[in-house]
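Atoms within each ligand, like the ligands themselves, are counted from 1 in listed order.
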Amino acid sequence: MTLDLFGPPEAGIDPTPPWREDIAPGAVLLRRHALAGMDELLAALAAVAAAAPFRCMVTPGGLAMSVGMTNCGALGWVSDCHGYRYAPCDPDSGRPWPAMPPAFARLAAEAAAAAGFAGFAADACLINSYAPGTRLSLHQDKNERDLRQPIVTVSLGLPATFLFGGPRREDRTTRHLLTHGDVAVWGGPARLHFHGVLPVREGDHPVLGPRRVSLTFRKAG
Ligand code: MD3
Ligand code: FE
């Protein structure tokens, strides 16, 4: 077994997964939580990406984002020259986003409940694909209607360093290495905290190849 130097404090010993790390009030990491049921999750991911391929969206400023994105669920996060919003249809195909796979919905609800947010029913799943060198700069998630609802993220493939700040952009950040199967839940006092992802380092993940994929579940509508 690989030593996890960024894991829990017990002298570099990887405990039996999953385990929990509280990173701030309202923010918790459920380490390796998605490993059980991973095959079903990856099959569902492949089906969604086949129906709605990853694409680089354009920011309102006119720049192409480097992260590849797609969505599933009733609503999908889209960005173009007009701004950011949630939309029921894929702008590339004109069709509704693929339905939320049951395995996705189940994982999101069950992880949220484990973190203290009972009754979470995600209607939007944004799927980000990061090639090595790709990053997501510091931002807030505030396009959702009900900010009392948490956000649940599943990390897959290559590891990445997640930056977690405070309610103001200039607040100091902590760093958390997220690896395959890690689940993060954010809500309550952490819901509007700034966050981002440092450039993903070169690598080749045995299951997902040279990329990191994140599933971000939200109640958007
Ligand atoms: C902390 N995605 O798509 S998700 C995003 O790994 C996004 O792809 C990153 O940020 C990714 O918007 C990180 C984790 C996350 C999401 C929302 C948060 C962390 C958060 C909201 C408040 C605080
Ligand atoms: Fe975000």
**Q** Between the Fe ion (ligand 2) and His195, which N, O or S atom of the residue is the nearest one?
**A**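 His195's closest N, O or S atom to the Fe ion (ligand 2) is named NE2.
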
**Q** Evaluate the ring planes of Phe104 and Phe217, with Trp represented by its six-membered ring, and classify them as parallel (under 30°), tilted (30 to 60°) or perpendicular (over 60°).
**A**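 Aromatic pair Phe104/Phe217 classed perpendicular.
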
**Q** For atom 3 (O) of ligand 1, what is the closest protein heavy atom, and at what distance to 0.1 Å?
**A**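 Going by distance alone, atom 3 (O) of ligand 1 is nearest to Asn128 ND2, 3.1 Å.
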
**Q** Could you list which atoms of ligand 1 come closer than 4.0 Å to a heavy atom of Leu126?
**A** 3 (O)

**Q** Write out the residue and atom name of the closest protein heavy atom to atom 11 (C) of ligand 1, then the distance separating them to 0.1 Å.
**A** Tyr130 OH, 3.1 Å

**Q** Identify the closest protein heavy atom to atom 18 (C) of ligand 1: which residue and atom is it, and at what distance?
**A**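 Minimum-distance protein heavy atom for atom 18 (C) of ligand 1 reads His195 CE1, 3.3 Å.
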
**Q** Ring of Phe194, cation from Arg169 - is the NZ or CZ under 6.0 Å from the centre and inside 45° of the axis?
**A** no

**Q** Out of Lys219, Arg85, Arg218, which residue meets the salt bridge (Lys or Arg N to Asp or Glu O under 4.0 Å) rule with Glu144?
**A** Arg218

**Q** So which protein heavy atom does atom 12 (O) of ligand 1 come closest to, and at what separation?
**A**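 The answer is Arg218 NH2, 2.9 Å.
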
**Q** Can you report which non-hydrogen protein atom sits closest to atom 4 (S) of ligand 1, along with the distance?
**A**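 The closest heavy atom on the protein side is Thr153 OG1, 3.2 Å.
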
**Q** List the closest protein heavy-atom neighbour of atom 15 (C) of ligand 1: residue, atom name, distance to the nearest 0.1 Å.
**A** Trp186 NE1, 3.2 Å

**Q** Suppose we measure from atom 22 (C) of ligand 1 to each protein heavy atom; which comes out shortest, and what is that distance?
**A** Arg191 O, 3.1 Å

**Q** Which bit of Ala190 gets closer than 4.0 Å to ligand 1, counting heavy atoms only: side chain, backbone, both or neither?
**A**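 Within the 4.0 Å criterion, Ala190 contacts ligand 1 through backbone atoms alone.
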
**Q** Compare all side-chain heavy atoms of Val183 with those of Val28 and state whether any distance is below 4.5 angstrom.
**A** no

**Q** Does either side chain, that of Asp141 or that of His139, offer a donor lying less than 3.5 Å from an acceptor on the other one?
**A** yes

**Q** Do Leu178 and Ile23 belong to the same hydrophobic cluster, where Ile, Leu, Val, Met, Phe, Trp and Tyr are linked whenever their side-chain heavy atoms lie under 4.5 Å apart, directly or via other members?
**A**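 Yes, Leu178 and Ile23 fall within the same hydrophobic cluster.
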
**Q** Identify which of Val67, Leu136, Val185 has a heavy atom lying nearest to atom 7 (C) of ligand 1.
**A** Leu136

**Q** Is there a chain of hydrophobic side chains (I, L, V, M, F, W, Y, each step under 4.5 Å between heavy atoms) that links Leu29 to Leu136?
**A**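 The answer is yes; both residues are in one hydrophobic cluster.
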
**Q** Verify salt bridge (Lys or Arg N to Asp or Glu O under 4.0 Å) between Asp92 and Arg55, making sure each step is shown before the conclusion.
**A** CA-CA 9 Å; Asp92 282 11; Arg55 81 293 305 266; 3.5 Å; yes

**Q** With the Fe ion (ligand 2) at the center, what angle do OD1 from Asp141 and NE2 from His139 span, rounded to 10 degrees?
**A**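 For OD1 of Asp141 and NE2 of His139, the angle centred on the Fe ion (ligand 2) reads 90°.
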
**Q** Which of the listed options, Trp77, Phe162, Phe194, holds the heavy atom that is closest to atom 13 (C) of ligand 1?
**A**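 Nearest option to atom 13 (C) of ligand 1, by heavy atoms: Phe162.
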
**Q** For Ser214, take its heavy atoms, then give the atoms of ligand 1 lying under 4.0 Å from any of them.
**A** 6 (O), 8 (O), 11 (C)

**Q** Among the clusters formed by ILVMFWY side chains lying less than 4.5 Å apart, do Met57 and Leu63 turn up in the same one?
**A** no

**Q** Any idea how His176 and Phe162 line up, ring-wise: parallel (<30°), tilted (30 to 60°), or perpendicular (>60°)?
**A**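 Plane angle between 30° and 60°, so tilted.
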
**Q** Find all atoms of ligand 1 within a distance of less than 4.0 Å from any non-hydrogen atom belonging to His139, and give their numbers and elements.
**A** 5 (C), 7 (C), 10 (O), 12 (O)

**Q** May I ask you to identify the nearest protein heavy atom to atom 17 (C) of ligand 1, giving residue, atom name and distance to one decimal place in Å?
**A**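 Checking every protein heavy atom, the shortest distance to atom 17 (C) of ligand 1 gives Asp141 OD2, 3.3 Å.
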
**Q** Which ligand 1 atoms are under 4.0 Å away from a heavy-atom of Arg212?
**A**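 Taking each heavy atom of Arg212 in turn, ligand 1 has 6 (O), 8 (O), 11 (C) under 4.0 Å.
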
**Q** Please assess Arg31 against Glu21 for the test salt bridge (Lys or Arg N to Asp or Glu O under 4.0 Å), listing each intermediate value before the final yes or no.
**A** CA-CA 7 Å; Arg31 295 290 196 180; Glu21 287 170 43; 2.8 Å; yes

**Q** Does Gln140 have a non-hydrogen atom less than 4.0 Å from ligand 1?
**A**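 No heavy atom of Gln140 comes that close to ligand 1.
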
**Q** Cluster question for you: counting only ILVMFWY and a side-chain heavy-atom cut-off of under 4.5 Å, with indirect links fine, are Val200 and Phe164 together?
**A**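 Val200 and Phe164: one cluster.
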
**Q** Any atoms of ligand 1 less than 4.0 Å from a non-hydrogen atom of Val197? List them with their elements.
**A** 6 (O), 9 (C), 11 (C)

